[in-house]
Protein chains: 2
Amino acid sequence: MTTPSNPSAATPLTERQEERRRRILKAGVRLARRGGFDAVQMREVADSSQVALGTLYRYFPSKVHLLVATMQDQLRQLHDGLHRRPPTDAEPAARVANTLMRAFRGLQRDPQLADAMVRACLFADRSVSQEVDVVSQLTRRIILDAMRLDGPPSPQQMAAARVIEHTWHSTLITWLSGRASIGEVTADIETVCRLVDLPAAVPPPDDRG
Amino acid sequence: MTTPSNPSAATPLTERQEERRRRILKAGVRLARRGGFDAVQMREVADSSQVALGTLYRYFPSKVHLLVATMQDQLRQLHDGLHRRPPTDAEPAARVANTLMRAFRGLQRDPQLADAMVRACLFADRSVSQEVDVVSQLTRRIILDAMRLDGPPSPQQMAAARVIEHTWHSTLITWLSGRASIGEVTADIETVCRLVDLPAAVPPPDDRG
DNA sequence: CGCACTTCTGTAACTTGTTCTAGCTTATCG
DNA sequence: CGATAAGCTAGAACAAGTTACAGAAGTGCG
């Protein structure tokens, strides 16, 4: 039951193949920057990256896979950037909020690219769940890093991180589709980040024990 | 710049037209119940509701419009049901959480329908923003009703409602695409609802004054 | 080198959302 | 009733994601 045709499986990819993959991703980003999700057309990505359509689909089995992979790329770059210049605020909640605001400012520079990536992640069905899960984990890692915990995160802290991640994705989409302003996105991020400083303050309300 | 061809504009719709519209929505729901988003195929909706394809598009200018309208329908039904049997918990946060859990249990009975509606709302682009905004307002109304406030909501309460709504949509999609369990959705809802009881407890952390 | 196997290419075909067109039906109004 | 316009139908046509396929190019091995 192996899938020898799919390089994303276990095959380590040759040099030329890595090169092709990079070309494809780059072409996708270029197209996404104009026009967003709709402008990333598979035939154009193939032409633009000098690869046959069939080859494109061998590397990325769907348009959504391609854009989710792009999102992974961008998150890894962001994560690296954050390692070099971590947030300096005293409170964990503020560090998380500022980290996300930094990411948000990055996305504002390329709203169309953001549109393509975020819509792909939210629209993705089960066939992409593994790849979207990587996006999820990367995002959560960024949030947890910003918390800068001493030990492993408590269940409450994990829960907060999850909810922050939800709010992040959903508020982004409302902004991208023109239903929320930058100010509203900012407010949502700050609001949800309050959960970070909370876990000890409010014990589970229904602590039957 | 009027759009006389679009009944959704201002035309009050005749009896026969209301009837057609209902048939279309019903057919859409029926198809969505099997197969989810992908199974709602416009030609089939048209056939199944005994309407020409062009007519379908006159009533709902895109598949996403159709499914967003379905979501509006469902939310109005939920809202009515909640009026008849409101949540009885003492704490506002618990009322909100239980309200959303009730909605969630409803969706669990028809996960495929939920898939179609939620994916449509999240995937919707600017051309549907008005209709998606109605979904947003209905959702927020349900949340605010569950809070059962005395006066008008404070800015913090509005902010909490917004974030709860974000978490609701996003956690639903993770469940629908198989990346989160029912337990995780439940936990996310309960976590975010803690924001409701909070506004007074945690003043703005950086109260420069 | 020559062979077997995989990968890549170019292209056509298929699917489904969306648009367009020509003609028919219904509603409105004088 | 008859004219006019708006709405409806059937079906073709178009667009973009996806799949299929035949052959060329690259790779590994005897």
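Naming convention: chains lettered A, B, ... in sequence-line order (proteins, then strands); numbering from 1 in each chain.
Note: W168(A) and F104(A) have perpendicular aromatic rings, judged against thresholds of 30 and 60 degrees for the angle between ring planes.
Taking only side-chain nitrogens and oxygens, R58(A) comes nearer than 4.0 Å to OP1 or OP2 of dC8(C). For dC8(C), neither phosphate oxygen OP1 nor OP2 lies less than 4.0 angstrom from any side-chain nitrogen or oxygen of Y57(A). Contact annotation: Y59(B) does not reach the phosphate of dG7(D) (side-chain N/O to OP1 or OP2, under 4.0 Å).
The main-chain N or O of S48(B) is never found under 3.5 Å from a side-chain atom of R30(B) such that the two would form a donor-acceptor pair.
When each of E165(A), H166(A), R162(A) is checked for a side-chain hydrogen bond (donor to acceptor under 3.5 Å, both in side chains) with S170(B), only H166(A) meets the rule.
Across all strands shown, V45(B) has no heavy atoms under 4.0 Å from either base or sugar-phosphate atoms. Using a 4.0 Å heavy-atom criterion, one finds that Q50(A) contacts the sugar-phosphate atoms exclusively.
In terms of position along DNA chain D, the nucleotide closest to Q41(A) lies nearer the 5' end than the nucleotide closest to the other residue of the pair Q41(A) and G54(A). Along DNA chain C, the nucleotide nearest R43(B) and the nucleotide nearest L56(A) are compared for position; the residue whose nucleotide lies closer to the 5' end is L56(A).
Ion pairing between E19(A) and R22(A) holds under the 4.0 Å rule for side-chain N and carboxylate O. Ion pairing between D145(A) and R141(A) holds under the 4.0 Å rule for side-chain N and carboxylate O.
In this structure, R16(B) atom CZ and dC8(D) atom P are separated by 9 Å, rounded to whole Å. The distance from atom CD of E44(A) to atom P of dT18(D) is 15 Å, rounded to the nearest whole Å. What separates CD1 of I24(A) from C1' of dT9(C) is a distance of 13 Å, to the nearest Å. Per the geometry, CZ belonging to F60(A) stands 16 Å off P belonging to dT19(D), to the nearest Å. When rounded to the nearest whole Å, the span between CG of L53(A) and C1' of dG23(D) equals 17 Å. The interatomic distance linking E15(B) (CD) with dG7(D) (P) rounds to 17 Å, in whole Å. dT19(D) atom P lies 10 Å from atom NE2 of H65(A), rounded to whole Å. We find that CZ of F37(B) is positioned 19 Å from P of dT15(C), with the value rounded to whole Å.
Comparing atom distances between the Q17(B) side chain and each of dT18(D), dG7(D), dT9(C) picks out dG7(D) as nearest.
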